[in-house]
K.L.:
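The structure that follows is given in the form of structure tokens.
So that the names make sense, note that chain A is the first sequence line, chain B the second, and so on, each numbered from 1.
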Amino acid sequence: MSSRPRRSSYVPQEIEPKWQKIWVERGVMKASDSSPKPKFYDLVMYPYPSGDLTVGHLRNYVMGDVLARMKRMQGFEVLHPFGWDAFGLPAENAAMKRGGLHPRTWTVENIAKGKRELKMAGILYDWDREVATCEPDYYRWTQWLFLLMLERGLAYRAMAPVNWCPVDKTVLANEQVINGRCWRHPDVEVEKRDLEQWFLKITNYADRLLDDLALLDKWPQKVRVMQTNWIGRSMGAEVDFPIDGLPDEVVRIYTTRPDTLFGATFMVLAPEHPLVEKITTEKHRARVREYVEQARKESEIERMSTERDKTGVATGGFAINPMNGEKIPIWVADYVLVTYGTGAIMAVPAHDERDFEFAGRYDLPIVQVIAPPAEHGVLREAYEGPGVLVNSGPFNGLESAVAFEKICDWLESSGIGKRSVKYRLRDWLISRQRYWGAPIPVVYCPDDGMVPVPREQLPVMLPEEYKPLSEVESFWRTKCPKCGRDARRETDTMDTFIDSSWYFLRYASPHDKTQPFDSELANHWMPVDQYTGGVEHAILHLLYSRFFMKVLHDAGLVDATEPFTRLFNQGMVKRFGQVMSKSLGNGVSIDELANAQGADAGRIYEMFIGPPEEDVEWSDAGLNGVVKFLQRVWRLVLEPESIAAEGGALGAAVDAVALRRKVAQTVGKVTEHYDELRFNTAVAFLMELANAMQDYLRGGGARDAAWDGAVHTLVKLLNPLAPHVGEEMWERLGEKGLLADASWPAFEASAAAEPKVVLVVQVSGKLRDRLEVDAGLSEADAVRAALASEKVRAALDGGSPSKIIYVQDRLINLVP
RNA sequence: GUCGGCGUGGCGGAAUGGCAGACGCGCCAGCCUUAGGAGCUGGUGCCCGAAAGGGCGUGGAGGUUCAAAUCCUCUCGCCGACACCA
């Protein structure tokens, strides 16, 4: 016998491919639609198949996989599907870069590559349910849903000034414009163009989208706040101001502060407001035209900047303040947006910061109508808070909140105005002038106008030829479905966010040839129990999906009104301070990982590296720590003798009773933390268990039932994180059947209970001693034990405690 | 500017009113040796001390409480979202 114990180690490259093959052969993650088990729908946001999959992206999928594997072992029928957000511009851009390669070819290649890498990482999906949005079998139903929107009056065409990205050569939705720049090109400013475009009437659902956020109590608060702000509901009133000398016209304004109506000292129209020309007097016409021209030319980013001074010009026209009959000047200024409210405002400089700034610049009158509660700096700044009305005729003396209602009542009864609710949310512009997307299924006929493509003629197939659709004659030249005469197809495609607004429903019945999804199956699986993905979709994808869900609910196609019960936003993996990506050259590929430390080590490391919601920095040293842990587990489970032979435990010896207790405690904590997606601490608990098992062996513990239980429990608890090495150990332990199909260990509270606890003894809140006592000690016994301590008596300095705080099994605090 | 989040050892982090620093990385000392980027043992917040022990300590300042990393107020710093929406 050698003086040194023999040690084996596991070689991930030998076992990982083996088990990946077996899982697929045995259909481990296949979801049955007719299982009697309770369902669990575990969804990760499907990716764009960019061909750039790194261990950074993997983190998200590992989280989903850990949960899926545990839920299966717990007896749930788990739906854990995957798919590809396969339409979109990067495919076209990449194709162009690579000399006319077809976007489809590029996409299909990347999908194959991504799928191979996910399998290599041991992520299990029900691949039978895979969807790719660029396949006719999928986009046929995207088109079908567009027709549903059209039927329900939720899709319409309108001429509008729209955001145009000069690089992508397409229009963008409001949600895709960030600080006046294209969301895909942060250095490219969007342009405004007047175009006839397709919109979805998401604003019809503004109230429900807002109110139902209250139901989403398992969503991050941050996301709910962002959506609330995005929808931006405000309560106010629309009021008509007569125009001096134009008896047939009024300026209709929107205000959230009808209580300040008496303080309106001028009006402001947006430069694009239709009444500008009419109101402007001859004397001012030239200057106003010049200003309007100027405003139109300015980019969104210049116009929206709050830094810059407000500008405007007087029209020469006057309005009458309907409250007090005062004649007030009408101005044009670009700080008023034509797209919000009525495109015109009453300016109350005393109580609106922006109006105050403008009034100061152009020397316009300022009248205070709200007395601030205390002495407020007079006229140094606008006072926007509540207060008592002054200078407001019959409404003087009212609290502003009361005045709000009274004035609205008066406006309504006298026909001058009415209460009104406005939203910041705009309708969703879905037209894209690009090739690689789902064609909008309508035809324009010279006689019948816009005609929807009949459902039985779907899909409207993309032509093979890769060109803007408007340049593919064989595509757009068609017959009118109504009259059969020559007609022209719509050549815009749909925003890819439409594809992703319903993909989670398609997974319920991915092969249905007659409808987008089978309602019965969708009702079985929906809503998604856990949805995991990046916070960058906090508004876009998540708001659109909620909108779709509500429309589909209203159409009677699905019961649920919200798609995602619990949402989690995972943090990104960075390396050298930047998000991993192939183009930056800082990515670690899944191949590299699998070939070096192995997928299992990588999976655990990604979970252990930091809190799941935080961004984390990849470190090879940290990864090595996990490799060591796995090697140690391997030896603990399969070669305990080699560990027992190493040194002797000098620290706390772990006996069989303590080992059983540690195992039971670990079951409880790991289960809870997996459930709450607190993976980093779950790993720490598993490490603690392994440490205790090691101490047990080194202390001479026998290979008895306690040990056997510890080994089997450790392997099971570790399995969701490290499934390959888990299966291999399970097999070598002589177990029949797959570990993936084994049952999850049950938590036994009685076994986990500690019979002895360390009671912290404080005097006046300061730690003075620690006593080992029986659990569940009564207060009287605890006091007796505490007073028996020399240190405590010294701290009490001979006195006796006048106040005692006792927290059973934790602490006793004696206050003299 | 507004809203939100976060500040804890050399590092990642743990503890959500009750022993601050679990778990891991790194580092230090030692052991073993088939000499290894392996394994094992012990140590590792800061200060005083030979030690026993004591004091201090969760960005800063106050406060609430028997007790605060945790709750409150102010403040500084970092990050994120929104940004003239009347």
K.L.:
Using the P atom as the point on both nucleotides, what is the distance between A69(B) and C56(B), in whole Å?
P.N.:
13 Å

K.L.:
If only atom types and distance count, is the side chain of Ser789(A) paired as donor or acceptor with the main-chain N or O of Val792(A) below 3.5 Å?
P.N.:
yes

K.L.:
Determine the interatomic distance between P on G21(B) and the same-named atom on U2(B); round to the nearest Å.
P.N.:
39 Å

K.L.:
Just call it for Val807(A): base, sugar-phosphate, or nothing, with non-hydrogen atoms closer than 4.0 Å on any strand.
P.N.:
base

K.L.:
Under 4.0 Å, counting only non-hydrogen atoms across every strand here, what does Arg424(A) touch: a base, just sugar-phosphate, or nothing?
P.N.:
base

K.L.:
Examine G5(B): is either OP1 or OP2 under 4.0 Å from a nitrogen or oxygen in the side chain of Lys222(A)? Give yes or no.
P.N.:
no

K.L.:
If the C1' atom of G77(B) is compared with that of C27(B), how far apart are they to the nearest Å?
P.N.:
29 Å

K.L.:
Looking only at the side chain of Ile805(A) (C-beta and beyond, no hydrogens), which of the listed nucleotides C66(B), A81(B), U41(B) gets closest?
P.N.:
C66(B)

K.L.:
What's Asn691(A) touching, base or sugar-phosphate or nothing? Going by heavy atoms closer than 4.0 Å.
P.N.:
sugar-phosphate

K.L.:
Just verifying a value: how many Å separate Asn229(A) CG and Leu425(A) CG, rounded to the nearest 0.5 Å?
P.N.:
12.5 Å

K.L.:
Could you please name the option among C25(B), A86(B), C84(B) that lies closest to any side-chain atom of Asp334(A)?
P.N.:
C84(B)

K.L.:
Which part of the nucleic acid does Asn229(A) contact within heavy-atom distance under 4.0 Å: base, sugar-phosphate only, or nothing?
P.N.:
nothing

K.L.:
Strictly distance-based, threshold 3.5 Å: is any side-chain N or O of Asn586(A) a donor or acceptor partner for the main-chain N or O of Gln578(A)?
P.N.:
yes

K.L.:
Using the salt bridge (charged side-chain N to carboxylate O under 4.0 Å, His left out) definition, which of the options Lys662(A), Arg661(A), Arg810(A) pairs with Glu754(A)?
P.N.:
Arg661(A)

K.L.:
Taking only heavy atoms on the protein side, list every residue of residues 603-620 of chain A lying under 4.0 Å from any atom of RNA chain B, sorted numerically.
P.N.:
Phe608(A), Ile609(A), Pro611(A)

K.L.:
Does G49(B) have a Watson-Crick or wobble mate here (both distances under 3.5 Å), and if so which one?
P.N.:
none

K.L.:
So does Asn680(A) get a side-chain nitrogen or oxygen closer than 4.0 Å to the phosphate oxygens (OP1/OP2) of A14(B)?
P.N.:
yes

K.L.:
Phosphate oxygens OP1/OP2 of A86(B): is one of them under 4.0 Å from a side-chain N or O of Tyr335(A)?
P.N.:
no

K.L.:
Without swapping roles, check the side chain of Gln762(A) against the backbone of Arg768(A) for a donor-acceptor pair under 3.5 Å.
P.N.:
no

K.L.:
Taking atom C1' in both G59(B) and G54(B), compute the distance separating them and give it to the nearest angstrom.
P.N.:
27 Å

K.L.:
If you round to the nearest 0.5 Å, how far is OG1 of Thr681(A) from NE2 of His673(A)?
P.N.:
4.5 Å

K.L.:
Provide the distance between the two P atoms, one in C6(B) and one in G13(B), to the nearest whole Å.
P.N.:
14 Å

K.L.:
May I ask you to establish whether Lys669(A) and Phe685(A) are in a cation-pi arrangement, using a distance under 6.0 Å from NZ or CZ to the six-membered ring centre and at most 45° from the ring axis?
P.N.:
yes

K.L.:
Report yes or no: does Arg426(A) contribute a side-chain atom to a donor-acceptor pair with the main-chain N or O of Arg424(A) at less than 3.5 Å?
P.N.:
yes

K.L.:
Heavy atoms only, 4.0 Å cut-off, all strands: where does Lys628(A) land among base, sugar-phosphate and nothing?
P.N.:
sugar-phosphate

K.L.:
Could you work out the separation of G9(B) and G5(B) based on their P atoms and round it to a whole Å?
P.N.:
22 Å

K.L.:
Protein-nucleotides 61-63 of chain B N/O pairs closer than 3.5 Å?
P.N.:
none

K.L.:
Which is true for Arg678(A) with a 4.0 Å heavy-atom rule: it touches a base, it touches only sugar-phosphate, or it touches nothing?
P.N.:
sugar-phosphate

K.L.:
Which way is the base of G80(B) turned, syn or anti, if we draw the line at 90° from 0?
P.N.:
anti

K.L.:
Quiz question: by atom type and distance under 3.5 Å, do the side chains of Ser778(A) and Tyr806(A) form a donor-acceptor pair?
P.N.:
no

